[in-house]
Q: 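Quick one: the structure is below, questions incoming.
Whatever order the structure lists ligands and atoms in, that order sets their numbers, starting from 1. In this text the structure is predicted, and so the values were computed from the model without any measurement.
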Amino acid sequence: MDNNREHISRVLISAEDIREKIQETGAMISEMYAGKPLLIVCVLTGSFIFTADLCRALSIPCEIDFMSVKSYSGDRSTGKVGIVLDLKKDISSYHVIIVEDIVDTGLTMKCVSSMLRERNPLSLSVVTLLDKPECRKTDFTPDVSLFRIPNVFVVGYGMDCDEQFRELPYVAEYRP
Ligand code: XMP
Ligand code: MG
């Protein structure tokens, strides 16, 4: 796998559009969770940039924890979800927002949200940067989705193809 820009066929969502939408979402979350203990759960690795930008768009305090789950290898769904790195915190005294890069089949978020719900948080919701509703294989619906995209494989803004292209400041369609 190489990091050649020939694999970037078009920019789907610009850095500016991402910035704007994140400011709106940050304001909305700040209003909804004002005065409540808020824990932002970053699902590594794909959502590390989104989480970093989203938490800085909040005007209320929050805590941040990280988890890592494995559901994909390369660009194909395996349909399996396992915890690779778990949260350090007991989430039972927090309102939890899971921050995800992209909901595709919905398998990952359906599984992660039900695992975290079993730990009895005060509330639980899922905010995803991207939603590919055409690819859904479960009944999972994110609470907040910043952009809907068609059924294309995307990279950039934290998302990868075999660990490449995460550093791009925009979301782009990947061309094999
Ligand atoms: P599911 O199918 O479980 O997938 O909803 C969620 C996870 O799959 C990865 N994924 C992608 N990663 N470009 C990526 O870089 C994509 O187009 C893409 N589609 C799915 C992603 O890691 C997400 O957490
Ligand atoms: Mg990924």
Side-chain angles (χ1 to χ4, degrees), residues 1-15 17-19 21-22 25 29 39-55 64-87 91 96-118 124-176:
M1 173 56 59
D2 61 281
N3 198 313
N4 196 317
R5 293 297 187 269
E6 279 167 20
H7 292 299
I8 302 304
S9 72
R10 62 182 168 130
V11 174
L12 272 186
I13 307 169
S14 69
D17 287 350
I18 295 171
R19 206 166 16 247
K21 247 322 203 254
I22 287 182
T25 309
I29 291 173
L39 179 68
I40 301 284
V41 170
C42 172
V43 184
L44 295 170
T45 304
S47 70
F48 79 107
I49 294 180
F50 178 37
T51 304
D53 284 345
L54 184 62
C55 69
I64 302 170
D65 203 349
F66 298 88
M67 71 187 294
S68 176
V69 297
K70 193 148 185 62
S71 59
Y72 265 69
S73 163
D75 64 356
R76 286 185 308 113
S77 172
T78 60
K80 283 189 199 147
V81 177
I83 295 184
V84 176
L85 171 77
D86 205 348
L87 300 174
I91 63 175
V96 171
I97 299 179
I98 303 174
V99 178
E100 173 65 315
D101 52 356
I102 179 165
V103 176
D104 190 325
T105 63
L107 273 164
T108 308
M109 274 306 105
K110 188 181 169 91
C111 188
V112 170
S113 57
S114 76
M115 287 189 293
L116 295 193
R117 203 166 276 119
E118 280 171 17
L124 184 80
S125 64
V126 175
V127 174
T128 186
L129 178 72
L130 306 177
D131 190 6
K132 277 197 223 177
E134 286 168 39
C135 301
R136 207 68 97 246
K137 289 187 186 154
T138 64
D139 59 0
F140 179 79
T141 308
D143 298 279
V144 178
S145 140
L146 278 64
F147 301 94
R148 281 181 162 219
I149 60 165
N151 183 14
V152 294
F153 195 80
V154 292
V155 294
Y157 199 71
M159 288 167 286
D160 71 306
C161 185
D162 284 345
E163 299 303 327
Q164 302 299 314
F165 306 109
R166 292 193 196 274
E167 73 283 9
L168 298 178
Y170 46 79
V171 173
E173 181 175 351
Y174 175 78
R175 176 169 49 204

Q: Report the part of Met109 in contact with ligand 1, treating N, CA, C, O as backbone and CB onward as side chain, heavy atoms under 4.0 Å; options are side chain, backbone, both, neither.
A: neither
Q: In terms of atom number and element, which parts of ligand 1 are under 4.0 angstrom from non-hydrogen atoms of Leu107?
A: 3 (O), 5 (O)
Q: Does Asp139 come within less than 4.0 Å of Lys110, counting only side-chain N to carboxylate O?
A: yes
Q: Would you kindly say whether Asp53 and Tyr157 are connected by a side-chain donor-acceptor distance under 3.5 Å?
A: yes
Q: Give the single entry among Leu130, Val69, Ile102 that approaches atom 10 (N) of ligand 1 most closely by any heavy atom.
A: Ile102
Q: CD1/Ile83 to SG/Cys111 distance, rounded to the nearest 0.5 angstrom?
A: 8.0 Å
Q: Consider side-chain contact (heavy atoms from CB on, under 4.5 Å). Of Leu44, Val43, Val41, Leu87, which one does Phe66 pass it with?
A: Leu44
Q: Give the atom numbers and elements of ligand 1 that come within less than 4.0 Å of a heavy atom of Val154.
A: 13 (N), 14 (C), 15 (O), 16 (C), 17 (O)
Q: So do Phe147 and Lys21 actually touch side chain to side chain, heavy atoms under 4.5 Å?
A: yes
Q: Nearest heavy atom to atom 1 (P) of ligand 1 wins, so pick from Thr105, Asp101, Val112.
A: Thr105
Q: Partners of Arg19 by side-chain hydrogen bond (donor to acceptor under 3.5 Å, both in side chains), sequence neighbours excluded?
A: Glu16
Q: Counting only nitrogen or oxygen atoms and a 3.5 angstrom limit, does Gly106 reach ligand 1?
A: yes
Q: With heavy atoms under 4.0 Å as the rule, classify the contact between Glu100 and ligand 1 as side chain, backbone, both or neither.
A: side chain
Q: Could you tell me, atom by atom, which parts of ligand 1 come under 4.0 Å of a heavy atom of Lys132?
A: 16 (C), 17 (O), 19 (N)
